[in-house]
Structures are given as C-alpha cells and as structure tokens.
Student: 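Following this message is one structure expressed as structure tokens.
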Number of protein chains: 2
Amino acid sequence: MDQKISQKVVERLTLYHSILIEYLEEGIEAISSPQIAARLKIDDSQVRKDFKLLNNAGKCRVGYLVKDLKESIENTLGFSAPKDAFIIGAGNVGLALAKYDNFTNYGLNVLALFDNDPIKVGMEFDNKQIFHISKLPNLAERLNVDIVILTVPRQQAQKVADFAVESGIKYIWNFSPVILRVPSGVNVWNENLIASFLQFAYKNIIGS
Amino acid sequence: MDQKISQKVVERLTLYHSILIEYLEEGIEAISSPQIAARLKIDDSQVRKDFKLLNNAGKCRVGYLVKDLKESIENTLGFSAPKDAFIIGAGNVGLALAKYDNFTNYGLNVLALFDNDPIKVGMEFDNKQIFHISKLPNLAERLNVDIVILTVPRQQAQKVADFAVESGIKYIWNFSPVILRVPSGVNVWNENLIASFLQFAYKNIIGS
DNA sequence: AAAATATTGTGATTATTATCACTATTATTA
DNA sequence: TAATAATAGTGATAATAATCACAATATTTT
C-alpha cells in the first residue's frame, strides 16, 4: 500500500472521527464540510480535499454520510486490523493506559503488563497480568507481540528499550521524556506529556 | 511578546531539551547540530536555524554550550513562569497526571483535583485534595486558577467543559476524545491518546 | 606554520501544506 | 417552474517548512 496520506491528513482524520461519533450519537445522518471546518477552525476546502483522499464522495447541498465517512476513516486508520501490545512499566501511566479499554475498539489490544517491582509482579489489572520484565522475550515470541507501550521512568527508559528491542519488539510507543536510540527497523513514537503541555502553554499563554 | 516562534519549532525545542538533559547528566559541555540532528533524524541546518531563533550562538568546530542552550529553551518555553492548574476527573488518567510531579519542574503546578464521585471526594492524592466538582467556581476564583486538565469520560466532557468555562477557566488541556465547543477567548489543547496511537500505527504499521 | 577538518551561519531552493476562487450540482423557496 | 442558496469538487495561488549548498571560521593534525 502506498502511503498516499500524509501525517497531517491522518491527524485531521482522527479529529474528524471524533466529530463523526458525536453526530452519529445524535442521529444526524449527513454532515457538511463547512460544519466540520467550523468546529475545527480550519478551511472547508481542506476538509473536502481530505475526504477526497478517502475516495468518499459527498453530495451537493447535503454533505457527506456520517456513517460511511466514519467507516472510511476507520478502514484507513486500521481500526479493524487488531494489533496486540504489551505495556512496560506498571506505574500510574501504565495502569491508566491498561484500563483505557477503549483501545480495543480502536484496534489496540493490551495483552499484559511488565514491571520489575516484585510487589507488582503477579498482580492483575483489568484482567491483564503483570509479569516480571525478564519474561518479556519469551512472551513476546510466544504471543507474537512486537508493539510495546513504554511507561517506565526516564532513567530506565533507554535500558528497557534496548531489552525490548533484543526481545524482538519493533514498535515502541514511548511515554518517557527521552529520545531513545534504537536500531534501524525499530520505530518509536514519542508521547511526551510535559512537552505537549509546554507547546500548549507557549502557543496560548506565553508566546502571545 | 511577538510569537516569532512557530509551533513546529516549539515542538522541536522540547525534543532538543530532552537530549540536552541527557548530555548534562553525562557531564558533556558542548553539543553540535549534527549530533542533535542525527538523534532526531532531521537536517542539521534545521537545528541551527532553530537555535538562531533563541539568539543562542554556537562556536565553530565546537558547537553549542549545553547549559546555555538548555536555559535558553527553558526561558522560551516558560519553565520559570509557574502556572497553577486543576485536574477535573479523578480517574486513572487524572490520578496519573496528579502524581506526575515532574510537572512542577516544568512550570505547571497542579493544586487540586475535582470529581463528582462521592467516594473520591475528600480523598487526597499526592498531597492534592479531591474536591466535588461543585466547588470549582469558588476555588478557581479564590486561587486565581484559569487552567484545567480535563480527564473526564467522553460523555461528560462537553458538559464539564461548559461548567469550567462558566467558572472562569480560560485554558483547557483536554484528554477526552471530544472536540469541545468553547466560546472565543477560551483555548483548548487536545491530547487524544487513542488518536495519537492511530497516527503512529498508520505511519509505521499500516500505511507502508 | 600550513593543511585538513569540523562546524556554524545563512541565502537559495525545493517541498509541503493551506487557502482562495471559482464552477458545477442539487435541494429549497418563491 | 424559475430563482436562490448551499454545497461539493478542484485548479491556481499563497504560505509555511525543510533541505541544500557553500562561505566563513575555528580547531586539530601534520
């Protein structure tokens, strides 16, 4: 599949999706590009061009069918292709994500958690067992998991990431505020909450 | 202050900052643009142009001073201008963020949490009290707080946001997967974790 | 001291992204 | 039925962002 859709567009697709859920719940069948654009404070032609990429045609004077559009976005973003993952780090963030069971509806199944704290190991959270980190290589191979959500403290992040890579992990969703060094072939996505707040603060509070 | 620095640059500044912390901890005094660029897999001239915006000069054949650069970024991003905030929603995500005490080092002080669950109200978490949501207007005014971190379930997000706005809140860091409707003058920053994962998955797993 | 090398700083170029302006179409209203 | 209005679709244009290329400079090596 050719990556014809840019990251910018993918980001907007997720925003459109949130709005479509709302419309669906309200029982509204059609939505127009100016309506969406107004909600997101963007240009309406942008919205139409994005939908064009999904091969989702609208109807003049009516708009787009909410149901079809939602399904188009879900197909494009891979909701229906379930991906199994582990969480490494059973701290507050790790546990919060483990209970975020909505993930499953979006194609992400968290199968288990890992930690090195003997008190946590053996416990269960939201039907997910917490294993000792040493069990990672074995379970990753047996369950064929190559995605981890990394929520360990900053100081341990690189070391744990190295271990995950040795265990065959190919995709790391990294919540530690660290730029991980990984070999080529391994993909990292950074979710730095503090950094995100700083961007918000700069845009709205400081830099204006 | 004129907003001379674009969001894209601000985003990179937060990434540079993570790397600078690492260098500082290792006791390395200088860092070069190619070093940073290699870590982030971006162009080195990009790094230099970003630093130029901070008025932070480098030295040929040596690079930039880690300490100075880090301070420049922190000044620009407002680390030293403390901002008080409330968390609304004492669920898993809310509690995880409340314990994320690193926030304080980055200029964000969480003063208290709010919830509508009578069991949670009155409890304390990481020295932060959980108040009933009805106390929000009063406390926001008394403590002069106009920033909230919204971590309530999707179904209640808009209603709670409306209430927060009525209470004088001007900045909402929104963790609910909902596009909030707010009056002009109120700023929303969306942190949709599921959407973020979908972007990651599309980029690396699906769309390639 | 001279040559080689690594690095900054930056103008020029290219690529990407967003906006504008307009036509075609379809539903609604007079 | 004709006029009006709202909307999709889209090429052209503008704005923004990233990359390239290279001169200037400082350090290191020979």
Student: Apply the test side-chain hydrogen bond (donor to acceptor under 3.5 Å, both in side chains) to residues A:Glu71 and A:Asn75: give CA-CA distance (whole Å), side-chain angles for both, the deciding distance (0.1 Å), then the verdict.
Tutor: CA-CA 6 Å; A:Glu71 279 169 14; A:Asn75 289 335; 5.9 Å; no
Student: Select one nucleotide: of C:dG9, C:dT10, C:dT25, the one nearest the side-chain heavy atoms of A:Cys60.
Tutor: C:dT25
Student: Quick one: is B:Ser33 getting a side-chain N or O under 4.0 Å of the C:dT7 phosphate, OP1 or OP2?
Tutor: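 The answer is no; no side-chain N or O of B:Ser33 sits under 4.0 Å from OP1 or OP2.
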Student: With sugar-phosphate meaning primed atoms plus P, OP1 and OP2, does A:Phe51 contact a base, only sugar-phosphate, or nothing at under 4.0 Å between heavy atoms?
Tutor: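 A:Phe51: no heavy atom of the nucleic acid under 4.0 Å.
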Student: Without decimals, in angstroms, what is the distance between A:Ile42 CD1 and C:dC20 P?
Tutor: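 Atom-to-atom, A:Ile42 to C:dC20, this comes out as 13 Å.
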Student: I want to check one thing: is the phosphate of C:dT17, taken as OP1 and OP2, less than 4.0 Å away from some side-chain N or O of B:Lys8?
Tutor: no
Student: Please give, in whole Å, the distance from D:dA18 C1' to B:Leu53 CG?
Tutor: 14 Å
Student: Can you check the B:Asp43 CG to C:dT8 C1' distance for me, whole Å?
Tutor: 14 Å
Student: Considering non-hydrogen atoms only, spot the tightest contact between B:Ala85 and B:Val145 and give its length.
Tutor: CA-CG1, 3.9 Å
Student: Does a donor on one side chain and an acceptor on the other come within less than 3.5 Å for A:Tyr16 and A:Asp50?
Tutor: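 Short answer, yes.
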Student: What's the CD1-P distance between A:Ile36 and D:dA6, to the nearest Å?
Tutor: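 It works out to 18 Å between those atoms.
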Student: Can you establish whether the number of heavy atoms outside B:Asn144 located under 6.0 Å from its atom CG is more than 12?
Tutor: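 Counting other residues, nucleotides and ligands, CG of B:Asn144 stays at 12 neighbours or fewer.
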Student: Just how large is the angle between the end axes of the helix from C:dA1-D:dT30 to C:dA30-D:dT1, five pairs per end, to 10 degrees?
Tutor: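 The two end axes of the helix from C:dA1-D:dT30 to C:dA30-D:dT1 meet at 10°.
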Student: For A:Phe175, does its backbone N or O pair with a side-chain atom of A:Thr151 as donor and acceptor, under 3.5 Å?
Tutor: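 Absent.
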Student: Applying a 4.0 Å non-hydrogen cut-off, can you work out what A:Ser45 is touching in the nucleic acid: base, sugar-phosphate, or nothing?
Tutor: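 Base: the residue A:Ser45, judged by heavy atoms under 4.0 Å, touches a nucleobase.
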Student: A:Ile130 and A:Ala90: which non-hydrogen atoms are nearest, and at how many Å?
Tutor: CD1-CB, 4.0 Å
Student: Can you establish whether the number of heavy atoms outside A:Lys83 located under 6.0 Å from its atom NZ is more than 12?
Tutor: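 Check passes, neighbour count above 12.
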Student: Tell me whether the side-chain N/O atoms of B:Lys59 come closer than 4.0 Å to OP1 or OP2 in D:dT25.
Tutor: no
Student: Tell me whether the side-chain N/O atoms of B:Lys52 come closer than 4.0 Å to OP1 or OP2 in C:dT10.
Tutor: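 The answer is yes; a side-chain N or O of B:Lys52 sits under 4.0 Å from OP1 or OP2.
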Student: NZ of A:Lys49 versus C1' of C:dA18: gap in Å, rounded?
Tutor: 8 Å
Student: For A:Ile149, which of A:Val110, A:Val93, A:Ile88 qualifies under side-chain contact (heavy atoms from CB on, under 4.5 Å)?
Tutor: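 In the set A:Val110, A:Val93, A:Ile88, the residue that makes a side-chain contact (heavy atoms from CB on, under 4.5 Å) with A:Ile149 is A:Val110.
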Student: Please report, rounded to the nearest Å, how far the P atom of D:dA8 is from the CG atom of A:Leu54.
Tutor: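 Atom-to-atom, A:Leu54 to D:dA8, this comes out as 14 Å.
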Student: Could you check which of C:dC20, C:dT5, C:dT28 has an atom nearest any side-chain atom of B:Arg61?
Tutor: C:dT5
Student: For C:dA18 and A:Arg12 - does any side-chain N or O of the residue sit under 4.0 Å from the phosphate oxygens OP1/OP2?
Tutor: yes
Student: Taking any heavy-atom pair under 4.0 Å as a contact, classify A:Val62: base, sugar-phosphate, or nothing.
Tutor: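 It contacts sugar-phosphate atoms only.
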Student: Write down the distance between CG (A:Asp50) and C1' (C:dT16), rounded to a whole number of angstrom.
Tutor: 14 Å
Student: Specify the separation, in whole Å, of atom CZ of B:Arg48 and atom P of D:dT19.
Tutor: 13 Å
